[in-house]
Amino acid sequence: MVEYISAEEAVSVIKSGDRIFSHGSACTPNLLIDELARQAGRLRDVEFVSITQQGNVEIAKPQYKDSFYINSLFVSTPVREAVNSERGDFVPVFLSEIPTLFKCGILPLDVAMVTVSPPDAHGYCTLGTSVDVARSAVDNAKTIIAQVNPRLPRTHGDGMIHHSKIDKMVWHEEELLTVDYGAKVGECEMLIGNNVAQLIDDRSTLQMGIGTIPDAVLKCLHNHKDLGIHTEMISDGIVDLVANDVITNKYKGTHSNRTITSFAFGTRKLYDYIDDNPSFAFMDVEHVNYPINIMKNKKMVAINSAIEIDLTGQVCADSIGTYQFSGIGGQMDFMRGAALSEGGKPIIAISSRTKKGVPRIVPFLKPGAGVVTTRGHIHYVATEFGVAYLYGKSLRQRAKALIEISHPDDREMLEKATFERFKCL
């Protein structure tokens with residue numbers, strides 16, 4: 001017999017000094033977070049640990065600074081201001097290793113707050129669209145509080161959890177948080193997408209990072225054949241490719257015939273498509289992002305973006321100077337895994353400039369910028385102006401190749417910087 005209680009009663013078990021984990025992306029349990037904010041008066045020094053929070057995330061606001069400390073493992077918009085203030089901080093860590101932080105007691109969890117699908121006939125809920133690090137969180141937290149949402153897709157894979165293992169359950173039906181990356185794809189993104197698509201062979205296995213550029217790449221793949229998916233996240237762009245048999249998963253080196261991911265974030269179209277769909281396996285990110293598992297896929301293509309890249313190939317993907325913008329995430333997990341794959345291709349895909357006209361290919365990274373992909377790991381860099389292959393190239397050769405795909409108005413500046421550094425072009 002499943003017993004549902006109010007959010008007020010469920011959250012009342014959280015105490016001052018607790019470390020709590022919050023489910024992320026479309027599963028961000030904002031009902032429970034809002035209730036935490038209402039109970040802030042009785043709480044002090046509660047550490048809030050999460051990745052990719054979405055929605056309101058009320059407790060990240062300045063008025064709750066004495067009650068909650070925001071310790072982010074991957075920064076997203078609702079918590080970004082808090083993380084870059086005295087009210088929060090950021091843990092640099094590969095996405096594949098976050099479960100280890102929970103398992104090994106480096107970040108022991110008192111409470112895990114998650115969103116789950118309703119129990120089935122056998123009593124099993126699922127972690128829905130976000131298994132990722134939530135699997136480890138519910139396995140290792142002392143107390144589990146679940147927001148049960150019938151609008152959450154029931155997913156196959158590692159996300160099953162029997163209702164008897166959940167300490168407090170709150171019924172709350174609401175539409176999931178959504179994002180439509182495809183609607184944001186413009187001319188620049190399509191040029192990049194086309195350049196990347198030309199690097200992808202038939203029967204390749206793909207990983208796509210977050211944002212508009214990965215969706216643009218997917219829009220350019222409709223003439224490809226027998227592609228596979230092994231990725232940390234999926235969005236709407238894959239739905240039509242699966243439906244039209246472009247993505248078949250037939251020729252992967254592992255998990256053949258199934259799309260492998262750890263979380264999904266998109267529109268209702270995506271959520272309806274993955275609901276109870278056995279061809280999709282949502283798995284623990286410790287497995288999905290483990291480079292040795294990634295490399296087992298033949299022709300593994302990793303497509304990730306960045307904030308800026310310097311002329312030697314150092315990639316900053318998580319910060320704007322010292323300002324923490326996002327996180328390390330799974331970029332290096334997949335860049336390394338793809339590099340080790342037979343016929344694999346690790347690709348960094350960026351626009352040559354930001355929307356405000358700031359160059360992304362630069363002589364030097366901004367002071368304080370975090371290097372996510374090192375110059376020893378870089379292979380391909382794609383912009384709207386072409387593709388540079390840097391692997392095995394010297395520093396001077398790299399600079400020349402990157403200048404050729406930079407924005408035309410930035411090339412004189414970059415050539416001058418190259419000459420000053422290397423005394424040649």
Side-chain angles (χ1 to χ4, degrees), residues 22 24-25 28 47-65 68-95 97-98 101 107 133 179 181 184 188-189 209-214 232-233 265 304-333 335 348-375 377-378 381 383 402 406-407 410 413-414 417:
S22 176
S25 300
T28 303
E47 183 178 332
F48 184 82
V49 175
S50 66
I51 62 171
T52 58
Q53 293 291 277
Q54 302 294 334
N56 189 40
V57 191
E58 178 71 17
I59 65 172
K61 296 178 180 178
Q63 59 265 38
Y64 302 103
K65 64 182 178 65
F68 304 104
Y69 188 79
I70 310 300
N71 195 13
S72 183
L73 303 169
F74 191 96
V75 183
S76 53
T77 302
V79 301
R80 192 170 289 134
E81 190 272 331
V83 167
N84 286 278
S85 75
E86 75 285 356
R87 308 191 318 276
D89 209 343
F90 164 69
V91 179
V93 61
F94 297 134
L95 191 58
E97 296 184 353
I98 292 175
L101 301 182
L107 285 178
V133 303
V179 63
Y181 292 118
K184 301 176 183 178
C188 176
E189 288 83 6
I210 297 172
T212 55
I213 290 176
E232 69 192 36
M233 74 89 66
F265 194 30
N304 289 277
S305 196
I307 291 173
E308 60 180 1
I309 178 170
D310 75 11
L311 287 172
T312 72
Q314 293 188 114
V315 176
C316 172
D318 71 340
S319 65
I320 303 171
T322 59
Y323 185 82
Q324 196 60 47
F325 187 80
S326 56
I328 291 175
Q331 182 169 122
M332 267 305 304
D333 295 330
M335 291 292 284
I348 295 293
I350 57 173
S351 57
S352 63
R353 284 181 162 183
T354 68
K355 300 289 187 186
K356 296 181 179 180
V358 178
R360 292 192 188 274
I361 297 176
V362 293
F364 306 99
L365 300 181
K366 292 180 179 65
V371 175
V372 171
T373 295
T374 76
R375 57 191 181 186
H377 291 99
I378 196 78
V381 179
T383 73
L402 287 167
S406 67
H407 193 282
D410 297 331
M413 174 270 293
L414 294 171

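Excluded from the calculations below are hydrogen atoms, water molecules and symmetry mates; all remaining heavy atoms, backbone and side chain alike, are included.
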Distance (rounded to the nearest 0.5 Å) between [X] [atom1] and [Y] [atom2]:
X: Asn84; Y: Ser319; atom1: CG; atom2: OG; result: 9.5 Å
X: Arg375; Y: Thr312; atom1: CZ; atom2: OG1; result: 4.0 Å
X: Phe90; Y: Phe74; atom1: CZ; atom2: CZ; result: 8.0 Å
X: Ser22; Y: Gln53; atom1: OG; atom2: CD; result: 3.5 Å
X: Ile307; Y: Tyr323; atom1: CD1; atom2: OH; result: 10.5 Å
X: Ile309; Y: Ile378; atom1: CD1; atom2: CD1; result: 4.5 Å

Below 4.5 Å, heavy atoms only, C-beta onward: do [X] and [Y] meet side chain to side chain?
X: Ile210; Y: Met233; result: yes
X: Val315; Y: Val371; result: no
X: Leu95; Y: Ile328; result: no
X: Arg353; Y: Arg360; result: no
X: Val91; Y: Asn71; result: yes

Lys61 atom NZ, over 12 foreign heavy atoms within 6.0 Å: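 Yes, because the 6.0 Å sphere around NZ of Lys61 holds more than 12 heavy atoms from other groups.
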
Donor-acceptor under 3.5 Å (Gln324 side chain, Asp318 main chain):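 Confirmed, Gln324 side chain pairs with Asp318 backbone.
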
Test item: Thr383 side-chain N/O and Ala349 main-chain N/O as donor-acceptor pair under 3.5 Å: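 No: the side chain of Thr383 does not pair with the backbone of Ala349.
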
His407 vs Met413, side-chain contact (heavy atoms from CB on, under 4.5 Å): CA-CA, chis, key distance, verdict: CA-CA 11 Å; His407 193 282; Met413 174 270 293; over 6 Å; no

Note: Arg87-Glu81 ion pair, threshold 4.0 Å (strictly below):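 A salt bridge links Arg87 with Glu81.
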
Closest approach of [X] and [Y], non-hydrogen atoms and distance?
X: Ile59; Y: Tyr64; result: O-CB, 3.6 Å
X: Ile70; Y: Val79; result: CG2-CB, 3.9 Å
X: Ile350; Y: Ile213; result: CA-CD1, 3.9 Å
X: Asn56; Y: Pro78; result: O-CB, 4.4 Å
X: Met332; Y: Phe94; result: CB-CE2, 3.6 Å
X: Gln54; Y: Ser76; result: NE2-CB, 4.1 Å

Side chains of [Y] and [X]: any donor to acceptor distance under 3.5 Å?
X: Glu189; Y: Ser351; value: no
X: Gln331; Y: Asn304; value: no
X: Thr52; Y: Ser25; value: yes

Those residues that, when tested against Ser406, pass side-chain hydrogen bond (donor to acceptor under 3.5 Å, both in side chains) (two or more places apart):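 With neighbours one apart ignored, the set is empty.
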
Lys356: partners by side-chain hydrogen bond (donor to acceptor under 3.5 Å, both in side chains), with sequence neighbours left out: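 Partners of Lys356 by the side-chain hydrogen bond (donor to acceptor under 3.5 Å, both in side chains) criterion come out as none, since no residue qualifies.
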
Stepwise side-chain contact (heavy atoms from CB on, under 4.5 Å) check, Thr373 with Gln314: CA-CA 6 Å; Thr373 295; Gln314 293 188 114; over 6 Å; no

Set of residues satisfying ring pair (Phe, Tyr, Trp, His ring centres under 6.0 Å) with respect to His377, sequence neighbours excluded: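 None.
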
Charged tip of Arg80 within 45° of Phe325 ring normal and under 6.0 Å: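 Yes, Arg80 and Phe325 form such a contact.
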
Residues Leu311, Ile361; criterion side-chain contact (heavy atoms from CB on, under 4.5 Å); working and verdict: CA-CA 7 Å; Leu311 287 172; Ile361 297 176; 4.1 Å; yes

Trace of the side-chain contact (heavy atoms from CB on, under 4.5 Å) decision for Leu101 with Val93: CA-CA 9 Å; Leu101 301 182; Val93 61; 4.2 Å; yes

